[in-house]
Enquirer: 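First, the structure itself, so that you have it in front of you.
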Number of protein chains: 2
Amino acid sequence: MRRSSEDTKALILRAAREHFAADGYDRATIRAIAATAGIDPSMVIRYFGSKERLFATAADIDLRLPDLGEVPRDQVGNALAAHLVDRWGDGDVLPILLRTAVTNEGAADRMRTVFAGQLAPLIIKLVDDPSEAPARAGLAATQALGFALCRHVLALPPVLAMSREETIAWLGPTFQRYLAGPR
Amino acid sequence: MRRSSEDTKALILRAAREHFAADGYDRATIRAIAATAGIDPSMVIRYFGSKERLFATAADIDLRLPDLGEVPRDQVGNALAAHLVDRWGDGDVLPILLRTAVTNEGAADRMRTVFAGQLAPLIIKLVDDPSEAPARAGLAATQALGFALCRHVLALPPVLAMSREETIAWLGPTFQRYLAGPR
DNA sequence: GAGCGATGTCAACACTTGTTGGCAAACAGA
DNA sequence: TCTGTTTGCCAACAAGTGTTGACATCGCTC
């Protein structure tokens, strides 16, 4: 079959995200990605240069965090918890980062970048004392990533069983304290 | 050199834990483990049968959780937080499980087992309504594993910078609410 | 010392990996 | 139609993997 170059690139990227999310960086082979995309493995290299660069492109991720500045100050915790359940549940976004950042140093770097570039700036606007912002953002990250890990990667049964409302009711206050609570 | 069979087995196991913790299951090669142990790769197979079985032995892990039943009810949160910082910091225990459980399905299984076998029973003794125990244990796991992940695997700077006292002050109340707080 | 099992090394196997170069077919412009 | 570029496939390479079997060497028992 014959396609436009951009179409196949998109095809490969989608297959790559799928495999990286499911198997992590090492186990996701170029051959498997190419097979899913219905394409020869050599095309992957031709279009992306190397596996490392393919991953870098596939993992260039937007967490699509909400603007917590527009939420009432006493509701930011619930808002973040709700976002965590709603937006990070379906897509491959978080599993990609979690599965790969854990074994691939480059991906861990990317994780730190995503964290510093997308989560931290959001927090700064909320905190009175800017010097506290990094620690508070870090704390929020531990709970957010821990939840995503247990639910979408480890699939711990009780965490998997929690409804949207339960999750918000339990995690909301935690985020609220980390983000806007007293020291 | 010549040793007792048990000595070399122990030597291999220690090297294996080291590499599994640092590199995850896939990247930790038998050759590298053998090199660290100062031994021929074939010995690893001879003593443990296969890489999979070596891992199963190396990952047979005791979290050494404290008996929360002996702690004052309003202090269990702090106690768990303190344990998290003190005991899970140095050893290879948690990094092994985190780095491997994420890409290795067998390890994820083991993680669920460790979780169900060691953490959950501890919680049951604390909770009034036993039907709530699994959810509460799951919540505690999200925060505990999330913290370990951010601190020891991802090495997020602000989380890395937190002192023992800060950590307990922030995480203690979270655990307290998850374990013994109101719904 | 002779025999023997335990301990260890070496070389090789079958396989998978990322990656490369050559070649065929489809398209676009002249 | 001729030419050059794009898109694709195929076969192969070099490197690294887990694993295996043949051979050496130590230490013990008779």
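By convention in this document, chain letters (A, B, ...) are assigned in the order of the sequence lines, proteins followed by strands, and residues within each chain are numbered from 1. What you see below is based on every heavy atom in this structure, not just the backbone, and it leaves out hydrogens, waters and symmetry mates. None of these values were measured; they are calculated from a predicted model.
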Enquirer: Are the side chain of R151(A) and the backbone of M162(A) linked by a donor-acceptor contact shorter than 3.5 Å?
Expert: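 A pair under 3.5 Å: yes.
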Enquirer: List the residues meeting side chain to side chain contact (heavy atoms under 4.5 Å, CB included) with S163(B), not counting sequence neighbours, and say none if there are none.
Expert: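 Scan of S163(B) (side chain to side chain contact (heavy atoms under 4.5 Å, CB included), adjacent residues dropped) gives E165(B), E166(B).
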Enquirer: Do you know which of R31(A), H19(A), R14(A) makes side-chain contact (heavy atoms from CB on, under 4.5 Å) with T36(A)?
Expert: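 Single side-chain contact (heavy atoms from CB on, under 4.5 Å) partner of T36(A) among R31(A), H19(A), R14(A): H19(A).
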Enquirer: Does any pair with a residue in residues 160-183 of chain A pass ring pair (Phe, Tyr, Trp, His ring centres under 6.0 Å), and if so which ones, sequence neighbours excluded?
Expert: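 Checked against ring pair (Phe, Tyr, Trp, His ring centres under 6.0 Å) - neighbours excluded - no pair reaches residues 160-183 of chain A.
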Enquirer: May I have the distance from D26(A) (atom CG) to dA15(D) (atom P), rounded to whole angstrom?
Expert: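 Rounding to the nearest Å, CG of D26(A) and P of dA15(D) are 20 Å apart.
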Enquirer: I'd like to check the side chain to side chain contact (heavy atoms under 4.5 Å, CB included) partners of P157(B); sequence neighbours left out, ordered by chain and number.
Expert: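 Partners of P157(B) under the side chain to side chain contact (heavy atoms under 4.5 Å, CB included) test: R112(A).
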Enquirer: Starting from P on dT7(D), measure out to NZ on K9(A) and report it in whole angstrom.
Expert: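 The answer, rounded to whole Å, is 10 Å.
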Enquirer: Restricting to side chain to side chain contact (heavy atoms under 4.5 Å, CB included), what partner residues turn up for P130(A), sequence neighbours left out?
Expert: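 Residues passing side chain to side chain contact (heavy atoms under 4.5 Å, CB included) with P130(A): none at all.
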Enquirer: Atom CZ of R27(A) and atom P of dG18(D): how far apart are they, to the nearest Å?
Expert: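 After rounding, the reported distance stands at 11 Å.
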Enquirer: Show every donor-acceptor pair shorter than 3.5 Å between a side-chain atom in residues 37-46 of chain A and any protein atom, with sequence neighbours excluded, or say none if there are none.
Expert:
from	atom 1	to	atom 2	distance (Å)
D40(A)	OD2	S42(A)	N	2.9
D40(A)	OD2	S42(A)	OG	2.6

Enquirer: Under the rule for ring pair (Phe, Tyr, Trp, His ring centres under 6.0 Å), what residues qualify as partners of F20(B), not counting sequence neighbours?
Expert: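 By the ring pair (Phe, Tyr, Trp, His ring centres under 6.0 Å) rule, F20(B) matches Y25(B), F55(B).
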Enquirer: Which residue pairs pass the salt bridge (charged side-chain N to carboxylate O under 4.0 Å, His left out) test with at least one member in residues 94-104 of chain A, sequence neighbours excluded?
Expert: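 Residue pairs with at least one partner in residues 94-104 of chain A: there are none.
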Enquirer: I12(B) CD1 to dG18(D) C1': how many Å, rounded?
Expert: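 Whole-Å distance recorded here is 15 Å.
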Enquirer: Extract from the structure each pairing of a protein N or O with an N or O of nucleotides 10-16 of chain C at less than 3.5 Å, listing the distance.
Expert:
from	atom 1	to	atom 2	distance (Å)
dC10(C)	N4	S42(B)	OG	3.1

Enquirer: Rounded to whole angstroms, how far apart are CG on D23(B) and C1' on dT17(D)?
Expert: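 After rounding, the reported distance stands at 15 Å.
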Enquirer: Once you round it to whole Å, what is the distance between P of dG8(D) and CZ of R2(A)?
Expert: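 The answer, rounded to whole Å, is 7 Å.
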Enquirer: Give me the residues of residues 43-59 of chain A where at least one heavy atom lies under 4.0 Å from an atom of DNA chain C, by number, or none.
Expert: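 By residue number: I45(A), S50(A), K51(A).
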Enquirer: Could you tell me, to 10°, how much the axis swings from one end of the helix from dG1(C)-dC30(D) to dA30(C)-dT1(D) to the other, five pairs per end?
Expert: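 Computed angle between terminal axes is 10°.
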Enquirer: Once side chain to side chain contact (heavy atoms under 4.5 Å, CB included) is applied, do any residues pair with I124(A), and if so which ones, sequence neighbours excluded?
Expert: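 Side chain to side chain contact (heavy atoms under 4.5 Å, CB included) check on I124(A) returns A133(A).
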Enquirer: For dT7(C), does the base pair up with any side-chain atom of R3(B) as donor and acceptor (N or O, under 3.5 Å, distance only)?
Expert: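 Side chain to base: no pair below 3.5 Å.
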Enquirer: Distance-only criterion, 3.5 Å: show the donor-acceptor pairs between side-chain atoms of residues 68-79 of chain A and protein atoms not counting sequence neighbours.
Expert:
from	atom 1	to	atom 2	distance (Å)
R73(A)	NH2	L126(A)	O	3.2
Q75(A)	OE1	N78(A)	ND2	3.4

